[in-house]
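Contents: one structure, followed by commentary.
All figures in this text were calculated on a predicted structure; none of them were measured in a lab. We're numbering straight along the sequence, starting at 1.
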Amino acid sequence: MPLRRWTRDARLTFAMRNPLGGFSRVPAAPALTLRDLWPGDPLVGERLVRNQSLFEGVVRNLQHLQWDNPAWPEAYRRWLQGFTWLRDLRELGAESARIKARSMVATWIGQPASERPITDPSVTGARLAAWLSYYEFFAAAADDHFRQNLMAALIMEARSIMALMPEGARGWRALTALKGLLAVAVAIPDHPEFLSRYLKLIDQEIDQQFLADGSHITRCPEDQFQAVRELAEMLSILQTARLPLPTRLMEVADRAAPALRAMRHGDGGLMLFNGSRERDPQLIEQVLNRASRGRVVAASQPESGYIRLTSGRTMLFADAAGPAPAGYDSTAHAGMLSFEFSSGRQRIIVNCGASTQRGWSEALRVPAAHSVLEMGSLSPIMRNQSGTITRRPTVTRAQASQEGAHWLHMTHDGYKPQGGGVYSRQLYLGKDGQTLRGAEALEGTESRDFCIRFHLHPDITVEEIEHGFLLYTHEESWLFQANVAAYLEDSVYLGSGERVDSLQIVLCPPEAPEPPEERAAAAEGEEDQDPEAEGADHAAHAEGEAYPEDSATYSADRATEQDAFYGQSHEATEHEAYQPENGGHAEQDTSAPYPDHTYAQTDAHGYTQEGEAYASAPQDSEEDAFSPLLHDAPPADSMPYQAASTTGLGHTDHSEHATQETPSMAEALFAGEDAAADHASQTEGPTDHGASAQASESAASSKPTEAAPSAPAMRPVRWALTLMTD
């Protein structure tokens with residue numbers, strides 16, 4: 001490898017020798033012309049006829065002999081030099097378009113070989129494929145001199161690809177380079193070295209770029225789309241030339257196409273992770289049909305780390321893995337654990353997307369541009385000046401499904417080295433697709449310098465109401481509620497490549513828990529309460545007045561409701577879904593190609609168990625972590641609810657509940673979970689006051705060294721998105 005890099009310039013100079021006038025035979029025309037598979041844009045072609053280029057919404061004037069400019073974005077330079085805009089002129093179809101195409105090609109091939117920008121083999125490959133695909137359009141009726149120079153340029157630039165590959169291009173762009181080499185190989189069969197070189201390199205690129213589940217190694221849906229499109233074009237070229245199809249090429253196309261289908265929302269566009277954009281749904285469908293005859297959707301993508309959950313009309317996509325491996329992480333975003341949610345053909349919760357425009361490209365990489373937790377100025381990944389990731393977070397995930405309902409738990413420790421703790425996100429998607437619940441937590445830190453963002457699609461209309469936000473689509477309305485303060489902020493959406501203003505819901509961190517000293521003082525005050533008052537409480541209880549803490553009625557109602565909703569008891573569901581036993585469930589597979597996350601394994605009952613997040617977690621913590629939020633909130637004036645919300649919190653003055661304000665819908669929705677979290681963090685041992693007093697007396701008699709009380713765990717941020725039905 002180093003020797004090839006040292007001799008690169010010499011090899012490139014040798015490759016660019018003009019074959020005209022030498023011993024090599026230059027044919028007068030291609031032995032085979034190709035056909036471009038994709039439609040063009042006549043508006044772009046019309047601009048080109050008027051000496052203007054229209055690329056990603058930006059109009060630029062064309063200058064004679066100017067093919068490169070340091071001020072140009074890289075994406076525009078690639079587009080201009082790649083000649084893929086020939087399809088736009090062909091789509092326009094006018095004679096002026098034909099003349100313009102021939103003129104621009106003549107300008108390129110008229111340059112001295114040493115002055116042509118041909119150091120990027122992927123751009124060269126796109127150019128060669130475009131020339132041969134539209135040869136009949138712009139060159140068939142041209143004079144002999146033009147056609148001879150064009151054929152000589154095809155040979156020289158194909159040699160440059162051979163000289164620069166495989167080091168010259170990486171990722172899906174390497175497939176573009178090899179596509180151009182293949183196109184020249186079938187068009188000029190008198191040079192068999194082109195085809196032999198292609199066949200030698202294509203298997204190597206397939207092995208490097210595609211994971212076992214068919215997903216692209218960069219973990220970018222845009223790269224997945226581009227790679228599948230290049231595979232489809234290669235298959236079309238080989239079929240047109242009636243050459244045997246390489247087995248590896250066909251196999252990877254059959255794996256990569258279902259993986260691409262699994263990355264589409266209900267509107268047909270791509271999910272927005274790690275630098276991807278929506279893309280035209282019709283073009284995606286055309287690419288898929290060309291790449292594979294089947295219409296299979298990948299059931300799972302364990303190697304890529306993307307989770308796709310579907311229920312009813314809804315789809316949820318989550319990024320449950322770390323950045324791509326070194327060398328393929330140029331598009332990696334700091335959006336680990338972010339998710340997108342859509343219903344039918346309408347996207348509701350989204351990420352902000354990606355852009356090739358300067359400034360926006362980097363701004364859209366940070367956590368704030370994703371529907372995920374953002375922790376102040378901290379970043380879960382670190383890059384050096386060259387853009388290489390120097391610190392990667394460890395990401396874990398656990399997933400289960402039963403009777404159409406889905407549970408997903410994800411964590412990453414990207415903030416931990418900076419004192420931010422471990423970020424945990426739990427998601428629950430109901431079996432009917434009408435309920436999405438979430439719980440967010442930071443473990444191992446007391447910092448509250450964070451917020452949780454939910455970016456909304458620009459088509460969503462938001463109405464702020466007393467207990468949350470109503471999100472209106474063209475067909476539905478969804479209610480968003482949370483157990484913490486929430487507010488609206490402006491956002492931007494670049495899913496289509498152009499900036500569109502939108503909104504986002506931002507959740508604030510929960511209030512700080514009671515300091516340990518105050519909790520200890522409160523506990524002492526409870527032990528020293530007035531015996532007469534305590535006796536009065538017991539007397540009232542003896543006469544039949546129930547304690548407000550007595551939540552037996554509510555607990556029974558809630559258990560009945562959950563049994564009806566899940567089809568079985570909550571404990572059984574939790575045990576079967578998250579604690580598989582060897583007697584009926586597959587063992588966990590801890591092997592993983594990537595060290596930063598773990599992968600899925602489906603057992604005999606159809607459950608998916610991923611990673612080790614729950615293999616060693618205590619059952620007590622799992623109950624609060626995995627119990628889905630109530631499907632329907634109890635009535636606001638329900639006394640059992642009020643009792644349940646205060647159970648175990650150590651209150652002794654029961655009369656204060658008589659004047660307690662009626663809880664809001666949001667409070668009713670999340671009170672059960674928050675009360676359980678508070679109880680777990682603020683109380684230990686029995687709650688009986690007599691037992692507590694005896695324990696205190698025993699401790700006083702022995703007089704051991706008292707340990708400082710530990711800080712209570714941070715209350716999880718809980719939220720819910722519920723479909724409003726008549």
Side-chain angles (χ1 to χ4, degrees), residues 171-172 206-228 231 251-266 268-276 279 284 287-288 291-292 294-311 315-325 328-329 331-333 335-342 351 395-401 406-410 412 425 427 429 586 588-603 606-611 613:
W172 69 267
I206 288 174
D207 291 340
Q208 290 180 353
Q209 295 192 37
F210 292 94
L211 304 176
D213 60 6
S215 55
H216 199 264
I217 193 171
T218 61
R219 304 190 64 251
C220 175
E222 171 72 15
D223 289 359
Q224 183 81 22
F225 165 75
Q226 296 288 1
V228 172
L231 295 176
E251 289 178 350
V252 74
D254 288 338
R255 286 187 287 116
L260 178 60
R261 287 189 184 276
M263 297 179 177
R264 304 175 72 186
H265 276 279
L270 298 177
M271 59 185 187
L272 306 182
F273 296 97
N274 290 309
S276 63
R279 283 286 174 180
I284 298 175
V287 168
L288 288 168
S292 178
R295 300 185 62 84
V296 179
V297 178
S300 62
Q301 296 176 280
E303 280 78 16
S304 73
Y306 285 118
I307 304 296
R308 177 179 183 266
L309 305 178
T310 61
S311 183
M315 286 187 182
L316 184 144
F317 299 88
D319 182 358
Y328 295 94
D329 54 4
T331 61
H333 286 198
M336 291 77 66
L337 277 57
S338 63
F339 77 95
E340 294 193 321
F341 180 74
S342 61
N351 295 319
V395 182
T396 67
R397 63 179 182 267
Q399 178 187 358
S401 300
H406 304 278
W407 292 262
L408 175 62
H409 179 246
M410 306 174 287
H412 81 66
R425 162 168 272 181
L427 299 175
L429 181 61
Q588 297 181 15
D589 183 6
T590 57
S591 61
Y594 294 161
D596 60 341
H597 55 79
T598 50
Y599 302 97
Q601 181 165 331
T602 305
D603 62 18
Y607 305 153
T608 303
Q609 181 71 29
E610 306 189 25

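- Using modelled atom types, no side-chain atom of Ser338 and backbone atom of Asp319 make a donor-acceptor pair closer than 3.5 Å.
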Evaluation steps, side chain to side chain contact (heavy atoms under 4.5 Å, CB included), between Met410 and Leu427: CA-CA 9 Å; Met410 306 174 287; Leu427 299 175; 4.2 Å; yes
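- Cation-pi geometry between Arg219 and Tyr306 is satisfied (NZ or CZ under 6.0 Å from the ring centre, within 45° of the ring normal).
- The salt bridge (Lys or Arg N to Asp or Glu O under 4.0 Å) search around Asp329 returns Arg392, not counting sequence neighbours.
- Here the CG-OG distance, from Leu260 to Ser215, works out to 11.0 Å after rounding to the nearest 0.5 Å.
- For Ala259, the side-chain contact (heavy atoms from CB on, under 4.5 Å) test picks out Gln224, Gln301, with sequence neighbours left out.
- Distance check: Arg295 CZ to Arg261 CZ gives 4.5 Å after rounding to the nearest 0.5 Å.
- Atom CG in Asp213 sits 4.5 Å away from atom CD in Glu303 (nearest 0.5 Å).
- Within the model, atoms OG of Ser304 and CG of Leu211 stand 7.0 Å from one another, a figure rounded to the nearest 0.5 Å.
- With sequence neighbours excluded, the residues satisfying side chain to side chain donor-acceptor pair (under 3.5 Å) with Arg264 are Glu285.
- The salt bridge (Lys or Arg N to Asp or Glu O under 4.0 Å) check on Arg308 picks up nothing, with sequence neighbours excluded.
- Remark: Arg255 pairs with Val252 by the side-chain contact (heavy atoms from CB on, under 4.5 Å) rule, at least two apart or across chains.
- Distance check: Met315 CE to Glu340 CD gives 12.5 Å after rounding to the nearest 0.5 Å.
- Annotation: side chain to side chain donor-acceptor pair (under 3.5 Å) contacts of Asp223 (sequence neighbours excluded): Trp172, Thr218.
- Here the straight-line distance linking atom CG of Leu231 with atom CD of Gln226 works out to 11.5 Å at 0.5 Å rounding.
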From CA spacing to verdict: side chain to side chain contact (heavy atoms under 4.5 Å, CB included), Ile307, Phe339: CA-CA 9 Å; Ile307 304 296; Phe339 77 95; over 6 Å; no
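- Counting only distance, with no hydrogens or angles, the side chain of His333 and the backbone of Phe273 share no donor-acceptor pair below 3.5 Å.
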